[in-house]
Each structure stands twice: as C-alpha cells, then as structure tokens.
K.L.:
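The structure is given below, and queries will be raised subsequently.
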Amino acid sequence: MSAEAHDTTASSPSPGAAPAAPSDFIRDIVAQHVAEQRYPQIVTRFPPEPNGYLHIGHAKSICLNFGIARENGGRCNLRMDDTNPTKEDVEYVESIIRDVHWLVDGWADHCLAFKKHGVPPESRVVNGATDYFMAPVCPAPSGTPGVEPFFASDYFDQIHAYAVRLIEKGKAYICDLSPEDTEKYRGAPDRPGTDSPFRTRTVAENLDLFARMRAGEFPNGTRTLRAKIDMSSPNIWLRDPVLYRIKHAAHHQTGDAWCIYPMYDFAHCLSDYIEGITHSICTLEFEVHRPLYDWILENLDLPRPLPHQYEFAKLIPSHMIVSKRKLIHLVNEKVVSGWDDPRLPTISGIRRRGVPATALRRFATGVGVTKFNSLTDIAVYEHVVRDELNATALRRLAVLDPIKLVLTNIPVGQIIEVDATDNPQSENPTTRKVPFGREILIERDDFAEVPPPKYFRLKPGGDVRLKYACIIKCDEIVKDAAGNLVEIRCTADLDSRAGGPNAAKKVKGTIHWVSAAHAISAEVRLYDRLFTAAEPDAGGDFTKALNPDSLKIVQARLEPSLGQATMEQRFQFERLGYFALDGEDSKPGALVFNRTISLKDTWAKA
RNA sequence: UGCCCAAUGGUGUAAUGGUAGCACAACAGAUUCUGACUCUGUUUGUCUAGGUUCGAGUCCUAGUUGGGCAGCCA
C-alpha cells in the first residue's frame, strides 16, 4: 500500500474521484508532526457511541479522520465508544459498521483498521508497570473475515487496572456522596466547589471499596470512583470528576461481567492510548474536557507517546435535524419510515436516497474544518449531489404525470427506433435504442392550453421537439365531457429526426416522452427537503417546520430499458431529476424509484 | 456576573506580517435536442476601538457579539 499512489487520486478534479485534500488547522498540525517525525505513523480514530444511526455530521468526522489517515499513510480505527450499556444496542453497532464501510470503500478502505475478533490487548511490563496495546488489522476492507471494530468495552479490564493504579498513587478515591450531593459539592461555573468528605480516605480503604464496588456489593448510585484533582478549579471538569459509576446492567458486548462502568472521560483517553492513537479529533464541546484528558494520561506514567485531543466545529446543515433525540422522535412517531428513510440525513437514509458516497464525501470534506460554529447551506450539499450525478447518471426518459399524445401522421402499429444518448457528459457517449410511434405519453406540465409568457413547450398550434425523436406540431386537443384534457393530437415532422434534412431546425422547446405501447410502469417516490425552515429548531418545536410535501408518490411510465435497472445504477430522468432504485422496496416487476434530487429549475423560480 | 473558544461578502471557507481569493447562493447575458450542464459578466466582506510595524484579516490590549462548560450521558 502506498500513500503516495492514493494521493494522486486525491488531487484529481474529475467527478467520482476523491475530493482534493484541503488544508485546515488540524491537518496543519498533523503535517508539522509528520515533518518532525514525532510519530512512526499517524493514527486517528472514529469513535461513535452505538446508541443511534450515523448521520451527515458523523460523515464529516469520518472524512476528517480517514482523510488525515490516508493523506499521511496512516490508519484510522473504527471504535465503538460503548461505556454506557443502558443506552446502547447491537443494532446500532451493525448499522455503524455498514455505514462506515459504505462511506470509505474505494477511498480510504486501505486505512480502515479493525481488530481480530475476540483478541484482548497485548500486555508487556515496562519499568514494573503493565502496558497495554491493541494491535490493529489494517487494511480491513468490507467483508474481511474474522475482524470487528474496536470496542472501548474490550478494554474494561485494562481501564480498571489503570483505575487501580490511580488509586494506588493517591490520585483517585471512592466517594459515597449521592448524585444530588455530588452536584451540590461541585459548585457552579462561577462558584468553586467544596471537597467531598470522602476525599481523604486512605489508599487501602479506597482499594478495598473499589474491589467491593466491582464485586457488586453496592447498589446503583451509592458510590463512585473520582479523580482527586481540584474542587476549586475554574474548569468544572477538573473538580474531582467521576471516573467509574455503579450500573447493575448487562452490557451488549460484555454481558454480566461488570456492574461498574467507566465514564467517557476516563475510558476515552485510555482507549486512545491503548490503540496507539496519535491524534484524537473531536467536536468543540469537548474542548473543556481536554485538560482532564491530559491529566488522566499524564498521571499514569505511561511509557508510550500520549495521544492528544484536537477539537473542531461540528457540521450543522440547514433544513436538516441531526440531534439524536430528535431523529429518534421522527422514527418513533412514524413521521418517517425508519432510520433509513430517504428524507433523513442519516448515512443510511442518504444512501437509500441514491446519493453516491463520492458526493457525500465531497460535501463532508468541502465544508472545511474550523473552530467556528456555522450553518452550512443545504444548497452546497445539493450542488455536489447534482454535480456528481450529472457526470455519472444514465439519461433515461420517464413521464411522471402522463397525458396521451397522438401523432396522426404516423401509421398505427409503426415502431420507429430512435437513438438516445446515455450520458452526454462522458468522453465517449454510448447510445441505446428507444421505441417511438404513433401514440406517446408526455408530461402534463409540458402542454399548456393557455401558455404563460415565455412558455417554451407545447401549446395549441405550437411546435416542440421530442427529445431524440422529431419536431411535432400541435393540431388539436381532445377533452372529455367534464372539460378535462384527455388527448393531444399532433403531426410529426419525421424529416427533423437526427440525420434528416430538417434535423438542424430550431424550435424553442424540447420535451421528454415515452411510447405508450412500450412504456413500463413503476412507483416513483418524489422526495423533497424534510423541513421547510433553514433552522428547524429555531422556533422551538422542530415538528412545526416539517415539510408536508416531503414525499409524493406517483405511478410513472418509463422507457422500457429501465426494466433492467440495477441497484448500483444512477439515472437522470431527463428534465426531471436524478433517480435510483429503492434498495428496500423495489422488486423485479414492481420497481420503485427514489428521486435523489431534482434538476435545477430556473423556469419554475421565475 | 467564573473559565474556555470563536468572529473574513447572503452562506461556508482561504490568505501562516506584504495584491483580500475560492465555492455555493443571487442577478444579468450567451449557448443548448435537458428552461439541466457549460461559458461570460455583476453585486456583496476582514465585529468595534486603540496599539506594535515601513506595512495588520493576521501580532498585542480592551470592548462587542456568538458558542461551550455545572450527567453517576457521550
């Protein structure tokens, strides 16, 4: 594996390629460390808690961590931050693995590190103390057998041993304060805390109590293990933070082995250390935790280089909600069909919607990395999705809201095969045959009996080009007894077909169509933004900002070649938008297409 | 009235003491067998006040505004 070889693709501007690696303050720091040869290898990690599905905000973190790894010939560990058994579930573990693979495959899968299933950290004695290291399997692309993500819960034994070491050094103690009293003793941001009455217990007493905590002698909430730091620190997180709490609860990975579980602050820095992480990148809210992160590691006399934490501003996209609590609300209240509803900004939803991983990566990388809390306009996201799909999607003809059009000068039963281009953006465009004949279907919107000003499409007496076929002229319209338009009757100028004498003739509009006799039917789900407000939260109740038209389902008529559509393919239904098969509900013979995104429509806006 | 962090066009981001640039958005036009794409042009910016310097978006001080921190959550 050569980092350089991959980096050549990183700077390629061609669509579908990895985005160019930008410069940002974290990459600058890493670059300096590389120049100094501070570490043998750059090692990052992506550490989600398995208590929800990954979303677009996680995508930014994944692209940052894996991006830095791949740009520096390093690796990135996928680690479940699973220290709170009462909030987590294996369903989430599985979805996270799926989503991470999907996002990094073909881009940074050579940096994706897992560990061998069931293998504990290696231990060796250094200067009389045991040191722990969890060896990675890297690369571990999708489907590698016998590997699994790293789990903080894999280190419960080691983290416990480190807790004992802290107690032995007189730097941690067992506190009997109730949760309420612990809060009172902590003070407030502008008021110092006071020492716990249990702060001065002897090492022997602390060791004994900690052993009994672990043995299950005490009920939930009765005792904690706390770091002995400084109750008057201006930083709340240095006021003797809780390191371990009692939770008589089964863990989704370790079962009933434990009834005490380490807190995030204690487990995270140690997990980083055990895995040999060099750069521990997290979001801004952990900035005030950094002194604690450093304190724990520095007070354990660890023999290997310590990891360091760097913080960046998380992604906040407009018109979306990424709060785990609110996502769960939408799922539980059945506002959406599930965690992978194509309207959700979850990675599963985005994938099901038909967005290519390359597009998500381009967006997640393109938004940049700073310490400024910003709102990213959803238009930036929509732009990369369109741009990516424009370059790759197969052009097809589909009519969402059909109306019959009869070409009166074409004999009944005559089938004319026309050549249609698959993708005009490709260097050597391929074509396919599309059947054309006397009776076709066009979009109801593409005819106007009373056209508004500057209307380019079909109108009584007017002409228009049928894409890939010929120019037609509208002679008459047929209405039913109720006055509804039921049929448009036109004459076709067959000489205006490609290669014909009138091929170069200019008409103002070109519309799409399908042959009535050959078109297949399919369900098409027209998705739109889930929220109408840029900041759905702004008004207090985000459900008030829900877009009532975020999903419209239609029975569409498609050109016959779409009957052979595959899951991997992306389509542009010409003049309409980008579409892909729904991975969940589409079946052979009963196809379901999802609209990933519409084409830009400057006419509708005017 | 504590501590920490941040502030560049409408939005996001770059400029590492030396010409404020890019992307998205918007607007105008060209082109077009997709009212898409593409192309051309236009509008709009360094939070404020001092200081250092030949020179400050960048360094310093103060202020303003915004964000974060008081889970036995992560």
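Residue numbers start from 1 in every chain, and the chains themselves are labelled A, B, ... in the order their sequence lines are given, proteins ahead of strands.
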K.L.:
Scan A:R395 against the nucleic acid and name what it touches under 4.0 Å (heavy atoms): base, sugar-phosphate only, or nothing.
P.N.:
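Here A:R395 touches the bases of the nucleic acid.
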K.L.:
Rounded to the nearest Å, what distance is computed from the CZ atom of residue A:F447 to the P atom of nucleotide B:G35?
P.N.:
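Answer to the nearest Å: 18 Å.
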K.L.:
Taking the cut-offs as 6.0 angstrom to the six-membered ring centre and 45 degrees off its axis, would you call A:R223 and A:F218 a cation-pi pair?
P.N.:
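Yes, a cation-pi geometry holds between A:R223 and A:F218.
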K.L.:
Please check the phosphate of B:C24 (OP1 and OP2 only) for any side-chain N or O of A:H383 closer than 4.0 Å.
P.N.:
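Yes, because at least one side-chain N or O of A:H383 sits under 4.0 Å from OP1 or OP2 of B:C24.
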K.L.:
State which of B:U11, B:G35, B:C72 makes the closest approach to the side chain of A:M263.
P.N.:
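Looking only at heavy atoms from C-beta outward on A:M263, the closest nucleotide is B:C72.
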K.L.:
Less than 4.0 angstrom between a side-chain N/O of A:T182 and OP1 or OP2 of B:C72, yes or no?
P.N.:
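False: A:T182 side-chain N/O out of range (4.0 Å or more) of B:C72 OP1/OP2.
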K.L.:
Carefully, step by step, assess A:Y185 and A:F198 under the rule ring pair (Phe, Tyr, Trp, His ring centres under 6.0 Å).
P.N.:
CA-CA 12 Å; A:Y185 275 76; A:F198 307 98; 8.6 Å; no
K.L.:
Check whether any side-chain N or O of A:K314 sits under 4.0 Å from OP1 or OP2 of B:G67, and answer yes or no.
P.N.:
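The answer is no; no side-chain N or O of A:K314 sits under 4.0 Å from OP1 or OP2.
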K.L.:
So if I take residues 227-246 of chain A and measure heavy-atom distances to RNA chain B, which residues fall below 4.0 Å?
P.N.:
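Residues of residues 227-246 of chain A that come under 4.0 Å of RNA chain B are, in numerical order, A:P234, A:I236, A:W237, A:V242, A:R245.
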K.L.:
Could you verify whether a donor N or O on one side chain and an acceptor N or O on the other, from A:T421 and A:R395, lie under 3.5 Å apart?
P.N.:
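A:R395 and A:T421 do not have a side-chain donor-acceptor pair below 3.5 Å.
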K.L.:
NA contact type, A:Y578, heavy-atom cut-off 4.0 Å: base, sugar-phosphate, or nothing?
P.N.:
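Counting heavy atoms under 4.0 Å across all strands, no contact is made by A:Y578.
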K.L.:
Identify whether any heavy atom of A:A313 sits under 4.0 Å from a base atom; if not, whether one sits that close to sugar-phosphate; answer base, sugar-phosphate or nothing.
P.N.:
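Result for A:A313 = nothing.
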K.L.:
Do A:Y264 and A:H268 have ring centroids that are under 6.0 Å from one another?
P.N.:
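Judged by ring-centre distance (under 6.0 Å), A:H268 and A:Y264 do meet the cut-off.
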K.L.:
Got a list of side-chain donor-acceptor pairs under 3.5 Å for residues 497-508 of chain A, not counting sequence neighbours?
P.N.:
unit_1: A:R497; atom_1: NE; unit_2: A:L494; atom_2: O; d: 3.0
unit_1: A:N502; atom_1: ND2; unit_2: A:D493; atom_2: OD2; d: 3.1

K.L.:
If only side-chain N and O atoms of A:R325 are considered, is one of them under 4.0 Å from the OP1 or OP2 phosphate oxygen of B:A74?
P.N.:
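No.
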K.L.:
Using the six-membered ring for Trp and the full ring for Phe, Tyr or His, decide whether A:W603 stacks on the six-membered base ring of B:G35 (centres under 5.5 Å, planes under 30°).
P.N.:
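Yes, the aromatic ring of A:W603 stacks with the base.
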K.L.:
Indicate, with a heavy-atom threshold strictly under 4.0 Å, whether A:K467 touches base, sugar-phosphate, or nothing.
P.N.:
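Result for A:K467 = base.
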K.L.:
What is the distance, rounded to the nearest whole Å, between atom CD1 of A:I26 and atom C1' of B:U13?
P.N.:
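The distance from CD1 of A:I26 to C1' of B:U13 comes to 15 Å, rounded to the nearest Å.
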K.L.:
Let me know the distance between CG of A:D387 and C1' of B:A23, rounded to the nearest Å.
P.N.:
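About 11 Å, once rounded to whole Å.
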K.L.:
Between the base of B:G35 and the side chain of A:R457, is one N or O donor paired with an acceptor at under 3.5 angstrom?
P.N.:
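Check passes, donor-acceptor contact within cut-off.
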K.L.:
Expressed as a whole number of angstroms, how long is the span from A:F372:CZ to B:G57:C1'?
P.N.:
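Atom CZ in A:F372 sits about 15 Å away from atom C1' in B:G57.
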K.L.:
Do the rings of A:Y244 and A:F210 sit parallel, tilted or perpendicular, given the 30° and 60° boundaries?
P.N.:
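Plane angle over 60°, so perpendicular.
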K.L.:
To the nearest Å, give me how far apart CH2 (A:W513) and P (B:C33) are.
P.N.:
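About 18 Å, once rounded to whole Å.
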K.L.:
Whole-Å distance between B:U11 C1' and A:N373 CG?
P.N.:
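Going from CG in A:N373 over to C1' in B:U11 covers 15 Å.
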K.L.:
Rounded off to whole Å, could you give me the CZ-to-P distance for the A:R386 and B:U38 pair?
P.N.:
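Atom CZ in A:R386 sits about 12 Å away from atom P in B:U38.
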K.L.:
Between A:N423 and A:T392, is any side-chain donor less than 3.5 angstrom from a side-chain acceptor?
P.N.:
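Side-chain D/A pair, A:N423 to A:T392: absent.
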K.L.:
Suppose you measure atom P in B:U40 against the same atom in B:U31; what distance do you get, rounded to whole Å?
P.N.:
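One P to the other, the span is 15 Å.
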K.L.:
What's the CG-P distance between A:N51 and B:A74, to the nearest Å?
P.N.:
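In whole Å, B:A74 P lies 10 Å from A:N51 CG.
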K.L.:
Establish, with yes or no, whether the OP1 or OP2 oxygen of B:A74 is under 4.0 angstrom from a side-chain nitrogen or oxygen of A:T83.
P.N.:
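Yes, because at least one side-chain N or O of A:T83 sits under 4.0 Å from OP1 or OP2 of B:A74.
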K.L.:
Which part of the nucleic acid, if any, lies within reach of A:Y261 when heavy atoms closer than 4.0 Å are counted: base, sugar-phosphate only, or nothing?
P.N.:
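Nothing, no heavy atom under 4.0 Å.
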K.L.:
So, for A:H58 and A:Y53, is the gap between ring centers shorter than 6.0 Å?
P.N.:
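Centroid separation for A:H58 and A:Y53: 6.0 Å or greater.
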